[in-house]
Amino acid sequence: MIDLRSDTVTRPTAAMRRAMAAAEVGDDVYGEDPTVRLLEETAAARLERPAALFVPTGTMGNQIAVHLQTIRGSEVIIEARGHIFNFELGAMAALSGALPRPVPTEDGFLDPAQVEAAVHPQASYVTPTRLLCLENTHNLWSGLPMGSAHTRTLLDVARRHGLRVHLDGARIFNAAAATGESPAELARGCDTVMFCLSKALAAPVGSMLVGETDLIAEARRVRKMLGGGMRQVGVLAAAGLVALRDMVPRLAEDHDRAQRLAVGLATLPAVELDPTRVRSNILVFRLRPELVPGPADVPAAERFVGGLRTHGVLCGAFSATEVRMVTHYEIGDAEVTAALAAARAVLA
Ligand SMILES: *Cc1c(COP(=O)(O)O)cnc(C)c1O
């Protein structure tokens with residue numbers, strides 16, 4: 001199977017498995033796992049921040065950040081297609097009593113005037129706004145990367161209103177590869193940053209939450225409260241260290257293959273896709289339903305996804321007409337060629 005559903009499907013590399021088997025470990029709840037400590041120091045250094053915390057999932061990292069930077073009954077400004085709003089099971093409300101203030105955009109980029117308009121004035125009778133959440137790359141906007149110049153304009157508004165800023169940088173290394181800026185530059189000025197080791201970086205488990213020392217100490221407490229205090233977890237941290245060393249430098253390859261896939265798909269009349277909007281490893285595109293063969297009572301995206309599956313290609317339907325494909329290290333040139341041939345066959 002050619003699995004384009006997500007970069008989360010990547011399996012740990014042989015080098016990761018060797019590092020995991022050889023990892024020095026200790027009880028990390030006691031702060032005694034040397035491999036976890038090394039990973040946390042390495043992650044903090046990569047983002048040029050003082051501290052980092054290893055968390056089991058990106059969702060937990062994001063939600064710890066929300067929890068620490070909101071109060072119950074306060075609002076969180078977020079782009080309307082953002083992961084923290086749409087794919088984290090309402091956690092900000094369920095776990096922290098926070099309310100999302102989703103802001104729809106035309107192209108995935110919040111603009112400073114929109115953020116300004118979404119902030120409530122400070123008064124005793126209005127819901128307080130506490131946090132701005134950003135996402136880089138932006139998953140549902142076809143893996144859209146955001147340069148640091150744009151981020152800075154949003155940080156300026158946030159600062160002016162005393163808001164905290166959290167960056168959901170699940171794919172910040174993809175954003176770095178796409179923009180040519182370092183992850184540290186892309187994250188500069190944000191109070192907290194989460195990034196995933198488990199997506200295109202291919203570690204089996206794990207994400208990092210990065211920020212100031214005091215905040216990360218608090219994050220350690222909240223992680224334990226949520227049931228995320230892990231013991232001899234150096235076996236996983238070891239894979240994370242290999243992910244940072246081996247997988248970060250190769251991400252541009254995934255972007256090139258996503259571009260090739262986009263250019264090929266865009267030639268098909270049933271596909272509505274502008275390849276210039278594919279800037280990293282994610283393609284989100286629309287189908288023209290009348291041009292997708294199959295039963296009319298099945299949504300076009302499902303007809304297409306089902307058809308591809310019979311050709312050995314997996315991808316995901318995002319809505320009745322939207323499909324997502326993601327490239328990663330297990331997708332080589334031959335897989336891109338085969339996926340394009342399958343799409344042509346399904347849509348013939
Ligand atoms: C995958 C993802 C997350 C959450 O990561 P999990 O480890 O699956 O919980 C958060 N934000 C974005 C943008 C993601 O793509």
Side-chain angles (χ1 to χ4, degrees), residues 3-12 39 43 52-67 76 78-92 94-96 100 102 105 108-110 131-146 151 165-178 183 186-187 190 192-210 219 222-223 226-228 230 233 236-237 239-240 243 247 251 254-255 258 279-284 315-316 318 322 324-328:
D3 198 342
L4 297 166
R5 286 172 303 168
S6 176
D7 46 13
T8 58
V9 302
T10 45
R11 291 163 294 185
L39 175 63
L53 182 69
F54 186 50
V55 287
T57 64
T59 299
M60 190 186 285
N62 281 338
Q63 293 303 327
I64 292 171
V66 169
H67 188 81
V76 176
I78 182 165
E79 202 281 328
R81 284 166 76 101
H83 193 282
I84 291 174
F85 174 45
N86 293 283
F87 297 107
E88 299 190 7
L89 297 302
M92 75 165 74
L95 302 177
S96 302
T105 63
F109 289 115
L110 282 170
L131 181 65
L132 170 65
C133 285
L134 305 175
E135 186 171 320
N136 200 7
T137 62
H138 199 312
N139 186 343
L140 269 200
W141 282 101
S142 220
L144 182 73
M146 181 161 70
T151 302
V165 179
H166 171 64
L167 175 59
D168 177 350
R171 295 184 182 81
I172 195 158
F173 291 98
N174 293 91
L186 294 174
C190 299
T192 45
V193 187
M194 184 284 289
F195 69 84
C196 293
L197 298 162
S198 59
K199 300 214 163 143
L201 301 188
V205 176
S207 294
M208 305 304 302
L209 182 64
V210 184
V222 176
R223 182 187 67 176
L226 294 175
M230 301 173 287
V233 71
L236 295 177
M247 303 310 274
L251 290 176
D254 296 342
H255 298 188
R279 303 267 321 276
S280 63
N281 67 330
I282 303 176
L283 297 80
V284 176
C315 62
F318 248 82
E322 276 178 303
R324 189 181 77 147
M325 293 180 174
V326 186
T327 58
H328 49 77

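Numbering of ligands and ligand atoms starts at 1, following listing order. In this text, all values refer to a predicted model and were calculated from it rather than measured experimentally.
Atoms of ligand 1 found under 4.0 Å from any heavy atom of Glu88, numbered from 1 in the order shown, are 10 (C). Interface atoms of ligand 1 facing Asn62, defined by a heavy-atom separation under 4.0 Å, are 10 (C), 11 (N). Atom numbering of ligand 1 starts at 1 in the shown order; those under 4.0 Å from a heavy atom of Thr57 are 7 (O), 9 (O).
Residues Phe87 and Asn139 form no side-chain contact, since every pair of their non-hydrogen atoms from C-beta on lies 4.5 Å or further apart.
Here atom 11 (N) of ligand 1 lies nearest to Asp168 when heavy atoms of Thr137, Val205, Asp168, Thr8 are compared.
Protein heavy atom closest to atom 9 (O) of ligand 1, with residue, atom name and distance, is Thr59 OG1, 2.6 Å. Gly58 N, 2.8 Å is the protein heavy atom nearest to atom 7 (O) of ligand 1. Summary of contacts: the protein heavy atom closest to atom 13 (C) of ligand 1 is Glu135 OE2, 3.3 Å. What sits closest to atom 2 (C) of ligand 1 on the protein, heavy atoms only, is Lys199 NZ, 2.1 Å.
If you check the side chains of Asn174 and His255, you find a donor sitting under 3.5 Å from an acceptor.
Within the model, atoms CG of Leu283 and CE of Met325 stand 7.5 Å from one another, a figure rounded to the nearest 0.5 Å. In this structure, CE on Met247 lies 13.0 Å from CZ on Phe173, to the nearest 0.5 angstrom. Atoms OG1 and CG, from Thr327 and Leu4 in turn, are 8.0 Å apart once rounded to the nearest 0.5 Å. Going from atom CG of Asn62 over to atom NE2 of His83 covers 7.5 Å, rounded to the nearest 0.5 Å.
Looking at Ile84 against ligand 1, nothing comes within 4.0 Å, counting heavy atoms.
Of all the heavy atoms in Ala170 and Lys199, the pair that sits closest is CB-NZ, 4.1 Å. The two residues Gly58 and Ser207 come nearest to each other via the heavy atoms N-OG, 3.0 Å.
For ligand 1, the polar-atom distance check against Ser207 finds no nitrogen or oxygen pair separated by under 3.5 Å.
At least one heavy atom of Arg171 lies less than 4.0 angstrom from ligand 1.
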